[in-house]
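Quick caveat: nothing in here was measured; it's all calculated off a predicted structure. Computed over heavy atoms, backbone and side chain alike; hydrogens, waters and symmetry mates excluded. Letters go in sequence order (proteins before strands), and every chain restarts at 1.
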Number of protein chains: 2
Amino acid sequence: MNKPVQARTLKTRAKLIDAAKAVVAESGYEALRVEEVVQRAGVAKGTFFAHFRDKDALMDQLLGAQLREILDDIAAGPQPRTAAEMVTALAPLIAFATSERYVFDVVIRHSGAAAITEIGPIALAFEQQFRLSLQWVTHPDLPVRDDIPPELLAEGIGAFLIQAISLAFCALHSSVSVEERLEPYLRAWLR
Amino acid sequence: MNKPVQARTLKTRAKLIDAAKAVVAESGYEALRVEEVVQRAGVAKGTFFAHFRDKDALMDQLLGAQLREILDDIAAGPQPRTAAEMVTALAPLIAFATSERYVFDVVIRHSGAAAITEIGPIALAFEQQFRLSLQWVTHPDLPVRDDIPPELLAEGIGAFLIQAISLAFCALHSSVSVEERLEPYLRAWLR
DNA sequence: ATCTAAAATTGACCATGGTCAGTTTAATAG
DNA sequence: CTATTAAACTGACCATGGTCAATTTTAGAT
């Protein structure tokens, strides 16, 4: 039933991930080149693609892990009691998602799982974000409208978050910060 | 002040666009190859990139034109009087945006203008969609909440539209159609 | 220890988007 | 008509993601 995975495999995979993280730390996500990663990891190019379906799959791992960390931090923080506090709590997530245009593109591309059997880290992070929003919205300290199911409310928060972030990359709407844009959305949505 | 654009230029550009449209008609957007386009247009590869910054810029033109047509059609239709009617009116837009995963990706990537001086067709289509929503929302036949500015209401419609479409590509949420998902969002948002 | 099959790895090779120095064509001046 | 200059065009070349038949390594059986 289980696949017999060799220790060698895990080691190679770790070398690739470590090399990739080093490249990202030095030059950012967009500048990452597969060739650079495999050279640092000391493996052949083909090995990379034996471990990751494509370059995007590596990005899924890297970005998903980062998102997970950020969300864990947010979840460990206090329960927001207003829309404004919710925006403040989400600030680290917004900062990361807007740090590079490329990051946002990749995140969007992986936000939905392509298939049930292969839910990637980024898709999981979106689920985590949804659950966190759901938790916030059902907490008594945050007064919200009660005429719609909390699940819908939580999904809406996600929709406005994406909207606010994507407008950050738009020259037409760059006069206000993402946070300033998100807050009125959430206030109106949560009523 | 004006740039002296030669008739030859327009002709070459038209040949490229026509060739691209033919390829898309035959095989879809994702299958489009620059090499194929230039061969059909009878020009060299370099010429393509003298006319379009990159392949994405061509896609911006093609998809933007298509979106504009669809939005013009929708605008020519009747004023929706309920959230359900609004979803019905938006159906052609949804159908196009979900026709290919690649289409959605490109549209998202161009949804915001990268710079004030170069607002592409897709960004314009988003503006058009916003204005149409604004028109709908300020029409007396559609009863909506009046505690928030109509501009915010219109932007929210856009946010939920994107959310519903992006969930269409998500295996985790594929049990319901985009329209079925969008309607409760809009009902709740418009109150 | 040796054999064997499966897993892991390799690197030459391919596909495709994108670049640019050099060439051709068109517009304008004299 | 010819010279001059700027615009348009060309295609060889590059950059980079991705493939795959061949090779090496590992785990397990005898």
Side-chain angles (χ1 to χ4, degrees), chain A residues 1-20 23-24 26-63 100-103 105-106 109-110 114 118, chain B residues 1-20 23-24 26-63 100-103 105-106 109-110 114 118:
Chain A
M1 201 57 95
N2 277 359
K3 51 189 175 185
V5 57
Q6 305 179 2
R8 178 174 54 150
T9 306
L10 298 174
K11 217 165 136 187
T12 303
R13 191 185 175 82
K15 275 195 295 184
L16 284 167
I17 294 269
D18 286 349
V23 173
V24 167
E26 278 176 32
S27 329
Y29 289 93
E30 174 143 37
L32 185 142
R33 296 285 171 273
V34 173
E35 190 64 49
E36 173 84 14
V37 171
V38 296
Q39 269 178 27
R40 294 204 192 198
V43 302
K45 205 174 193 176
T47 303
F48 179 95
F49 293 98
H51 285 262
F52 305 97
R53 174 190 299 277
D54 50 27
K55 183 179 162 178
D56 257 25
L58 168 67
M59 287 299 173
D60 192 10
Q61 299 292 326
L62 297 179
L63 296 175
E100 279 182 57
R101 173 68 213 231
Y102 175 72
V103 167
D105 284 348
V106 177
R109 217 178 305 137
H110 288 92
E118 45 165 79
Chain B
M1 201 55 97
N2 278 358
K3 51 188 174 187
V5 56
Q6 303 181 3
R8 180 172 54 149
T9 307
L10 298 175
K11 216 164 136 188
T12 302
R13 193 186 173 81
K15 276 194 295 185
L16 285 166
I17 293 269
D18 286 349
V23 173
V24 168
E26 278 175 33
S27 329
Y29 289 93
E30 174 141 37
L32 185 142
R33 296 285 171 273
V34 173
E35 192 61 46
E36 173 83 13
V37 171
V38 297
Q39 269 176 27
R40 293 205 193 198
V43 302
K45 204 173 193 176
T47 303
F48 179 96
F49 292 98
H51 286 263
F52 305 97
R53 175 189 300 276
D54 50 26
K55 185 178 162 178
D56 257 24
L58 169 67
M59 287 298 175
D60 192 9
Q61 298 292 325
L62 296 179
L63 296 175
E100 280 181 56
R101 174 69 214 229
Y102 175 72
V103 167
D105 284 347
V106 176
R109 218 177 305 137
H110 288 101
E118 45 164 80

Any side-chain N or O of [X] less than 4.0 Å from the OP1 or OP2 oxygen of [N]?
X     : N     : value
A:T47 : C:dA8 : no
B:H51 : D:dC9 : yes
B:T12 : D:dC9 : yes

>> Is it the case that D:dG18 (base atoms only) and A:K55 (side chain only) share a donor and an acceptor within less than 3.5 Å, ignoring hydrogens and angles?
In response: no
> Going by an N to O cut-off under 4.0 Å, is there a salt bridge joining A:D105 and A:R109?
Replying inline: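 Salt bridge between A:D105 and A:R109, a charged N being under 4.0 Å from a carboxylate O: no.
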> Is B:R40 salt-bridged to B:E26, going by a charged N under 4.0 Å from an acidic O?
Replying inline: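 Salt bridge present between B:R40 and B:E26.
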> Would a distance-only check, ignoring hydrogens and angles, find a side-chain to backbone donor-acceptor pair under 3.5 Å from B:E100 to B:Y29?
Replying inline: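 Judged by distance alone, yes, a pair lies under 3.5 Å.
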>> Any side-chain to backbone donor/acceptor pair from B:T47 onto B:V43? Under 3.5 Å, distance only.
In response: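 No: the side chain of B:T47 does not pair with the backbone of B:V43.
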How many Å lie between [atom1] on [X] and [atom2] on [N], as a whole number?
X     : N      : atom1 : atom2 : answer
B:F48 : C:dT16 : CZ    : C1'   : 12 Å
B:E35 : C:dG17 : CD    : P     : 8 Å
B:Q39 : D:dC9  : CD    : C1'   : 17 Å
B:R8  : C:dT25 : CZ    : P     : 8 Å
A:L16 : C:dT9  : CG    : C1'   : 11 Å
A:R53 : D:dG17 : CZ    : C1'   : 15 Å
B:K15 : D:dC9  : NZ    : P     : 8 Å
A:L10 : D:dT25 : CG    : P     : 19 Å

Which one, [options], comes nearest to the side chain of [X]?
X     : options                : value
B:F49 : C:dT10, C:dG17, D:dG11 : C:dG17
A:D54 : C:dG18, D:dG18, C:dA8  : D:dG18
A:A50 : C:dG17, D:dG17, C:dT9  : C:dT9
A:K45 : C:dA26, D:dG18, D:dT10 : D:dG18
B:R33 : C:dG18, C:dG17, D:dA7  : C:dG17
A:V34 : D:dG17, C:dG11, C:dT9  : D:dG17

> Taking C-beta and beyond as the side chain, do B:L58 and B:F48 meet within less than 4.5 Å on heavy atoms?
Replying inline: yes
>> At 4.0 Å (heavy atoms only), tell me whether B:L32 reaches a base, stays on the sugar-phosphate, or touches nothing.
In response: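 Result for B:L32 = sugar-phosphate.
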